[in-house]
Amino acid sequence: CDQLDGGARCRCPQGWAATEAMDCGEVLADSERVVIVPSAATVTFSQGRDDVPAAAPCHSVTLSHGYAMARSETTVQRWSACVRAGACPQIDWCEEGVPHPSADPRVADHPAVCVDVAASRAFCAWVGGRLPSESEWEYAARGSVACTNAPVRPWTQMTLVATLAPNQASFSGGTSPFVGSEPPFVDHGGPTSPVGFYDGGSHAALEAGWLGDPPSYATADGRSPFGLHDMVGNVAEWVDDCWHANYAGAPADGSAWPNPGAGCDQQVKRGEAWSDVDGALTVQYRAPKSASARISYMGFRCAFDLPASSP
């Protein structure tokens, strides 16, 4: 790195942060960027659900551009690196709830919350990405599951069932060990869980950092067909689309849906959060939220355009 202050700190390139070894490390490494549609590939999938007005009609979308998605929601630790670099604002207040304290190591790998759309876009741009479109998000969450009026969960394609076990995601009615009576898991940011916690493995309290009992907690696998974590539950995620009441007239090419002439005060959120009941934790569920909202159940993850393949 370029050493500053007599070697006391590093100046790192955009999207990189100083390590304890006085070097620069990439904040979101290639291993954390999961290819959803390869370069030069074309994928057609079903989006929506006919029996839910806001998600109707179920329709075909063709994605003909290569893109990747972050494996996990953006964490407090990664957000803090962007703040230190001067590319992201410090999040020190919420309209609802309280943000996770950046200096508390117990929440370093929990999702950053109370981040509005503009700040989310700033982080994604800093790491070389952008917010995903709603179609890109849904394909990454559901894969090739056809149109159905049944609830589709991220794991439906692999298991052919759409049930939600209480230990499969962070949601209201689940059995998350992070639902406690002490901060930082209640007073700050709500009872989020570490990103990727629901991976089908067993976790120890000492390792994961929850307070009190149980000493260990076995999770069901909540990953999407592409291995993405927390596509339902933990925090709801911003996507790049303006809110429309249904899919009538939605883009068929998977691009973000603007609202020409009417502005974009209301943005789409997907995936829902620790505060929501299981009925909302489907990959078809969509809802509006003010683009300037800073709330303890809102977070985000980034998408990345892939370079076109050589002829």
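Remember, predicted model here, so these are calculated numbers, not experimental data.
By the 4.5 Å heavy-atom criterion applied to side chains, Ser193 and Tyr198 are counted as neighbours. No side-chain heavy atom of Ser133 sits under 4.5 Å from any side-chain heavy atom of Ser255. In this structure, the side chains of Pro132 and Phe300 stay at 4.5 Å or more apart for every pair of heavy atoms. Taking 4.5 Å as the limit, some side-chain heavy atom of Pro151 sits within range of a side-chain heavy atom of Arg49. Residues His244 and Asn259 are in side-chain contact: their nearest non-hydrogen atoms beyond the backbone lie under 4.5 Å apart. Between Val98 and Ser296 the shortest side-chain heavy-atom distance does not fall below 4.5 Å.
Both Phe45 and Val268 are assigned to one and the same hydrophobic cluster, defined by single-linkage of ILVMFWY side chains at heavy-atom distances under 4.5 Å. Connection of Trp126 to Ile91 is established within a shared hydrophobic cluster, with ILVMFWY side chains joined at heavy-atom distances below 4.5 Å, either directly or through further cluster members. Transitive grouping of hydrophobic side chains (ILVMFWY, heavy atoms separated by less than 4.5 Å) keeps Trp137 and Val195 in distinct clusters. One hydrophobic cluster, built from ILVMFWY side chains closer than 4.5 Å, cannot hold both Trp257 and Val283; they sit in different ones. If you chain together hydrophobic residues whose side chains sit under 4.5 Å apart, Tyr285 and Val145 never meet in one group.
Between the Thr156 side chain and the Val152 main chain, no donor and acceptor come within less than 3.5 Å of each other. Gln284 places no side-chain N or O within 3.5 Å of a backbone atom of Ala55 that could act as its donor or acceptor partner. The backbone N or O of Arg33 sits nowhere less than 3.5 Å from a side-chain atom of Arg71 that would complete a donor-acceptor pair. Panel note: side chain Asn167, backbone Ala218; a donor-acceptor pair is recorded below 3.5 Å. The main-chain N or O of Asn234 is never found under 3.5 Å from a side-chain atom of Thr192 such that the two would form a donor-acceptor pair. For the pair Asp241 (side chain) and Glu134 (backbone), a donor-acceptor distance under 3.5 Å is present. Without hydrogens or angle criteria, Trp238 side chain to Val115 main chain gives a donor-acceptor distance under 3.5 Å. In this structure a side-chain-to-backbone donor-acceptor pair under 3.5 Å is present from Arg142 to Ala146. No donor-acceptor pair closer than 3.5 Å links the side chain of Gln267 to the backbone N or O of Val117.
When all heavy atoms of Ala256 and Asp240 are compared, the closest pair comes out as CB-O, 3.8 Å. Ala204 and Trp210 get closest at one heavy-atom pair: C-CH2, 3.6 Å. Of all heavy-atom pairs between Ser39 and Pro307, the closest is OG-O, 2.5 Å. Between Met69 and Leu228, the shortest heavy-atom contact is CB-CD1, 4.0 Å. Residue Ala141 comes nearest to Pro225 through the heavy atom pair O-CD, 3.4 Å, listed as atom of the first residue, atom of the second, then distance. Ala81 and Val27 make their closest contact through CB-CG2, 4.1 Å (heavy atoms, listed as atom of the first residue, atom of the second, distance).
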Would you tabulate the side-chain donor-acceptor contacts of residues 57-64 under 3.5 Å, counting partners in other chains and residues two or more places apart, or write 'none'?
residue	atom	partner	partner atom	Å
His59	ND1	Gln47	O	3.2
His59	ND1	Pro57	O	2.8
Thr62	OG1	Thr44	OG1	2.9

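Checked options His110, His100, His203; the residue passing with Phe178 is His110 (criterion: ring-ring contact (aromatic ring centres under 6.0 Å, His included)).
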Requested in this report: Could you go through the side chain to side chain contact (heavy atoms under 4.5 Å, CB included) check for His65 and Asp253 one step at a time?
Outcome: CA-CA 9 Å; His65 58 281; Asp253 63 356; over 6 Å; no
Requested in this report: Using the side chain to side chain contact (heavy atoms under 4.5 Å, CB included) rule, take Val113 and Ile295 through it: C-alpha gap first, then chi angles, then the decisive distance, then the call.
Outcome: CA-CA 7 Å; Val113 297; Ile295 298 174; over 6 Å; no
Requested in this report: Evaluate the criterion side chain to side chain contact (heavy atoms under 4.5 Å, CB included) for residue pair Phe197 and Ser170; output intermediate values, then yes/no.
Outcome: CA-CA 9 Å; Phe197 184 73; Ser170 175; over 6 Å; no
Requested in this report: Apply side chain to side chain contact (heavy atoms under 4.5 Å, CB included) to Phe171 and Asp276, showing your working.
Outcome: CA-CA 6 Å; Phe171 68 103; Asp276 293 289; 5.8 Å; no
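Using a 4.0 Å cut-off between charged side-chain N and carboxylate O, Glu237 and Arg270 make no salt bridge. A salt bridge links Glu136 with Arg130: at least one charged nitrogen is closer than 4.0 Å to a carboxylate oxygen.
In this structure, a donor-acceptor pair under 3.5 Å is absent between the side chains of Ser290 and Gln266. Under the 3.5 Å distance criterion, with hydrogens and angles disregarded, no donor-acceptor pair is assigned to the side chains of Tyr297 and Lys269.
One finds the OG1 atom of Thr75 at 5.5 Å from the CD atom of Gln77 (value rounded to the nearest 0.5 Å). Note: Arg78 CZ to Phe123 CZ = 7.0 Å, rounded to the nearest 0.5 Å. Rounded to the nearest 0.5 angstrom, Asp230 CG and Trp274 CH2 are separated by 14.5 Å. The distance from atom CE of Met231 to atom CG of Leu281, rounded to the nearest 0.5 Å, is 12.0 Å. Note that CD1 of Ile36 is 5.5 Å distant from OH of Tyr67, once rounded to the nearest 0.5 Å. Atoms NZ and OG, on Lys289 and Ser292 in that order, are 10.5 Å from each other to the nearest 0.5 Å.
Within the structure, every pair that satisfies the disulfide bond (SG atoms under 2.5 Å apart) test and touches residues 230-297, not counting sequence neighbours, is listed here: Cys242-Cys264.
For the pair Arg223 and Trp155, the cation-pi test (distance below 6.0 Å, angle within 45°) is failed. Geometric assessment of Arg286 against the ring of Tyr247 yields a positive cation-pi assignment under the 6.0 Å and 45° thresholds.
Scanning for side-chain hydrogen bond (donor to acceptor under 3.5 Å, both in side chains) contacts around Thr175 gives Tyr217, with sequence neighbours left out.
Within 6.0 Å of atom CD in Glu32, more than 12 heavy atoms from other residues, nucleotides or ligands are found, so the atom counts as buried in its surroundings.
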